[in-house]
Amino acid sequence: MLIRTHMCGHAREGHVGQTVRLNGWVNSYRDHGRLIFIDLRDRSGLTQLVFDPDDGAPAGLMDAADKLRNEDVIAVEGRVRVRVGGENPKLATGRVEVVVTALEVLNKTANPPFLPDDGAELPNEELRLRHRYLDLRRPRMQQALQTRHRVYQVTRRYFDAQGFLEVETPVLYKSTPEGAREFLVPVRNVPGTFYALPQSPQLFKQIMMVGGADRYMQICRCFRDEDPRADRQPEFTQIDLEMSFVRREQVMETMEGFVRELFGQVLGVQVPPMLRMGYREAMERYGIDRPDTRYGLEIQDLSELAARTEFAIFRAALDKGKDRPRFNSKRGVVKALRVPGGAERLTRKITDGYSDLVRGFGAGGVAVVKVLGGEGGPRLDTGVAKFLEPVKAEFLSAVGAEPGDTVLFVADAYAVATKAIGELRQRVARDMGLVPEWGKAWNFLWVVDFPMFEKNKETGKWVAMHHPFTAPRDDQRDLFVRADLQDEVAIESVVSAGYDIVLNGSEIAGGSVRIHDPAVQSKVFQLLGLSAEQAREKFSFLLEALSFGAPPHGGIAFGLDRLVMHLCGTENIRDVIAFPKTQIGQDLMTRAPSQVPEKQLAEVHIKSTWSPPEGQR
RNA sequence: GGGGCGGUAGCUCAAUUGGUUAGAGUACCGGACUGUCGAUCCGGUGGUUGCGGGUUCGAGUCCCGUCCGCCUCGCCA
């Protein structure tokens with residue numbers, strides 16, 4: 001075999017006159033009969049090969065070159081020269097070409113179902129996933145793989161320099177059925193028992209702190225058996241971190257440094273000091289705990305004003321949870337969104353769509369009013385205009401509305417109205433073209449001061465907003481320890497020592513200072529409805545560990561896949577995972593998951609209850 | 001589990017109100033061609049319209065079911 005001397009993408013004028021050997025795939029061929037051009041591709045790029053009988057190519061070589069097709073794998077030897085036919089500015093190697101004197105066909109290809117060409121329209125994703133090896137040859141996929149590789153390297157280097165220890169934790173783990181649904185692994189040696197795959201190595205990393213590791217780092221696979229989304233897969237990768245002898249500040253500083261290093265190294269982007277925003281402020285201004293601050297369009301609370309209108313829907317909403325304090329999830333509110341220039345762009349059809357959108361989040365609909373210009377100053381038009389007319393001046397100044405604006409309202413209990421209008425805000429931003437394109441804005445944000453607990457809507461039980469090992473914020477500890485577990489309002493108001501990093505409206509990391517005090521941990525379990533026995537049964541190892549001298553500790557986990565998505569400018573997580581899964585968790589290339597023989601099931605003491613539905617094979 | 005969009009040649013798509021033999025580009029095969037770079041020109045092969053059922057004189061098109069892909073709600077401590 002003609003072993004290569006260079007990579008295809010590296011040929012430059014400096015190589016002119018040299019004899020080189022290249023290996024790669026035929027990216028395209030242009031056959032002029034007595035003259036043949038081949039673009040040869042490897043991971044590094046393309047080089048043009050020329051087969052010319054007047055320039056060292058005997059008839060046998062021309063015949064062989066004549067048979068080359070896209071995606072054949074070849075090795076060539078030849079001489080580098082300045083291009084005779086003029087430069088191709090589209091290629092990095094476009095000033096030179098290789099005049100081939102020897103060709104070895106290493107592997108003919110079957111006719112590929114599609115060509116790995118970024119310029120062409122991509123085939124449907126099903127086909128790309130089935131023939132992933134072809135899709136991965138596309139330059140864009142190669143770039144994504146390289147970016148991901150860079151992330152691994154920068155991560156290890158940064159945290160190594162910061163004194164973190166890379167530790168592997170078990171993938172065969174214990175089932176702890178709170179939180180996400182788990183993947184189970186039946187066990188051969190202990191009949192009737194199962195491992196679970198970890199949703200995250202949370203408890204191991206805490207125990208590493210008790211074990212004196214001081215600072216822990218792992219790039220680890222996590223598993224959650226939940227339905228995927230564009231930015232979510234059932235198996236995904238976290239950069240998992242934990243630090244001892246710290247409070248919130250030290251963790252945040254270290255992690256901010258990492259983000260700065262990462263974006264600097266990979267994209268050359270300077271990350272300014274990150275803004276911090278409390279959870280409540282985020283919910284008030286943006287209606288979501290991961291605000292996209294690349295555009296304004298802030299939400300306003302018009303409850304007081306709305307209470308003075310005769311609009312029945314507002315009144316009904318404001319009657320909800322009247323006795324509850326402000327910001328309580330069940331207290332009725334009226335939220336408004338001023339859309340500059342919306343009067344013209346947001347047609348009736350579009351605003352009707354907004355009502356459908358918010359109904360999906362449990363709200364009744366969107367009330368609309370347009371602000372129009374006129375001789376006698378601004379006037380209100382359409383929708384709820386007549387109800388607002390009596391408080392018009394106050395309304396206009398409260399929301400800062402100007403002629404040409406549309407104001408959208410959502411009225412409901414605080415939790416419902418806030419979520420609905422937060423989602424609406426993002427939709428409106430897209431519709432109004434307010435979202436900057438990729439690379440134009442990098443809005444990093446710490447979101448802090450989350451509530452410790454929230455009520456599960458279905459079961460009515462308290463659940464930990466982050467996870468049950470998150471500590472209360474330092475100034476909240478005594479309040480929490482003394483709080484009456486029956487006092488809903490008090491429990492809902494306890495603030496945690498958690499923190500998330502949000503980038504352009506997407507959560508890229510989340511963490512917290514942990515509970516290192518067994519008394520606090522027990523109270524959390526109690527509140528979550530875990531009896532002392534249950535807690536001991538599930539987490540005895542943790543409670544025990546905490547009782548043997550646990551240092552104060554805290555950490556965070558970055559969603560590595562999402563980080564790479566941001567760094568690559570894609571909205572599809574499958575673009576940054578070499579072998580991703582579909583919406584029902586299949587790998588279309590290997591056809592996993594698959595059935596297994598009865599014998600194999602018997603070995604692990606499993607019997608399947610599944611059988612094909614009636615009428616199917 | 002719910003909602004939406006999609007599935008027609010290897011691939012990307014088209015096909016009028018349900019109406020003749022389901023077309024085009026590309027890939028592939030054959031031929032021509034000495035400077036292309038999405039080469040060009042000529043010719044050709046290629047179809048279970050995802051699958052199953054139904055309505056109809058007639059179904060790619062309408063109806064029912066089902067599978068698969070994508071987006072999304074729920075879910076994701």
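Note that the structure is a prediction, hence the values are computed from the model and not measured. By convention in this document, chain letters (A, B, ...) are assigned in the order of the sequence lines, proteins followed by strands, and residues within each chain are numbered from 1.
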Review point. Can you find a side-chain donor-acceptor pair between A/D42 and A/S44 that sits under 3.5 Å?
Key: yes
Exercise for review: Answer yes if the side chains of A/Q238 and A/S200 hold a donor-acceptor pair under 3.5 Å, and no otherwise.
Suggested key: no
Using the [atom1] atom as the point on both nucleotides, what is the distance between [M] and [N], in whole Å?
{"N": "B/rG3", "M": "B/rC11", "atom1": "C1'", "answer": "31 Å"}
{"N": "B/rG1", "M": "B/rC75", "atom1": "C1'", "answer": "10 Å"}
{"N": "B/rU8", "M": "B/rA24", "atom1": "C1'", "answer": "13 Å"}
{"N": "B/rC63", "M": "B/rU55", "atom1": "P", "answer": "15 Å"}
{"N": "B/rA27", "M": "B/rC13", "atom1": "C1'", "answer": "14 Å"}
{"N": "B/rA22", "M": "B/rC33", "atom1": "C1'", "answer": "35 Å"}
{"N": "B/rC29", "M": "B/rA39", "atom1": "P", "answer": "15 Å"}
{"N": "B/rA15", "M": "B/rU61", "atom1": "P", "answer": "14 Å"}

Point to revise | Stepwise side-chain hydrogen bond (donor to acceptor under 3.5 Å, both in side chains) test for A/Y29 and A/D72 | key: CA-CA 11 Å; A/Y29 63 96; A/D72 284 342; over 6 Å; no
[N] base / [X] side chain donor-acceptor hit below 3.5 Å:
{"X": "A/R229", "N": "B/rC70", "value": "no"}
{"X": "A/R224", "N": "B/rC76", "value": "no"}
{"X": "A/R359", "N": "B/rG2", "value": "no"}
{"X": "A/E226", "N": "B/rG74", "value": "no"}
{"X": "A/N124", "N": "B/rG7", "value": "no"}

[X] [atom1] to [N] [atom2]: how many Å, rounded?
{"X": "A/Q238", "N": "B/rC76", "atom1": "CD", "atom2": "P", "answer": "16 Å"}
{"X": "A/I584", "N": "B/rC71", "atom1": "CD1", "atom2": "C1'", "answer": "16 Å"}
{"X": "A/L588", "N": "B/rG50", "atom1": "CG", "atom2": "C1'", "answer": "14 Å"}

Check your understanding: A/D54: what forms a side-chain contact (heavy atoms from CB on, under 4.5 Å) with it, not counting sequence neighbours?
Key -> A/R34, A/D52
Point to revise | Verify stack between A/F37 ring and B/rU36 base, 5.5 Å, 30 degrees | key: yes
Point to revise | Is_stacked (A/H32, B/rA39) at 5.5 Å, 30 deg | key: yes
Point to revise | Shortest non-hydrogen separation from A/D289 to A/V502 and the atoms involved | key: O-CG2, 4.1 Å
Check your understanding: Applying side chain to side chain donor-acceptor pair (under 3.5 Å), which residue pairs with at least one partner in residues 413-430 of chain A are found, sequence neighbours left out?
Key -> A/E284-A/Y414
Review point. Where do A/H466 and A/S496 land on the side-chain hydrogen bond (donor to acceptor under 3.5 Å, both in side chains) test, with the steps shown first?
Key: CA-CA 9 Å; A/H466 185 47; A/S496 82; over 6 Å; no
Review point. With respect to the side chain of A/N111, which nucleotide from B/rC28, B/rG35, B/rG69 is positioned closest?
Key: B/rC28
Point to revise | Closest to the A/Q199 side chain, choosing from B/rC71, B/rA77, B/rC37 | key: B/rA77
Practice item. Kindly state which residues belonging to residues 126-133 of chain A come within less than 4.0 angstrom of RNA chain B, counting heavy atoms of the residue only, listed by number. Key: A/E126, A/L127
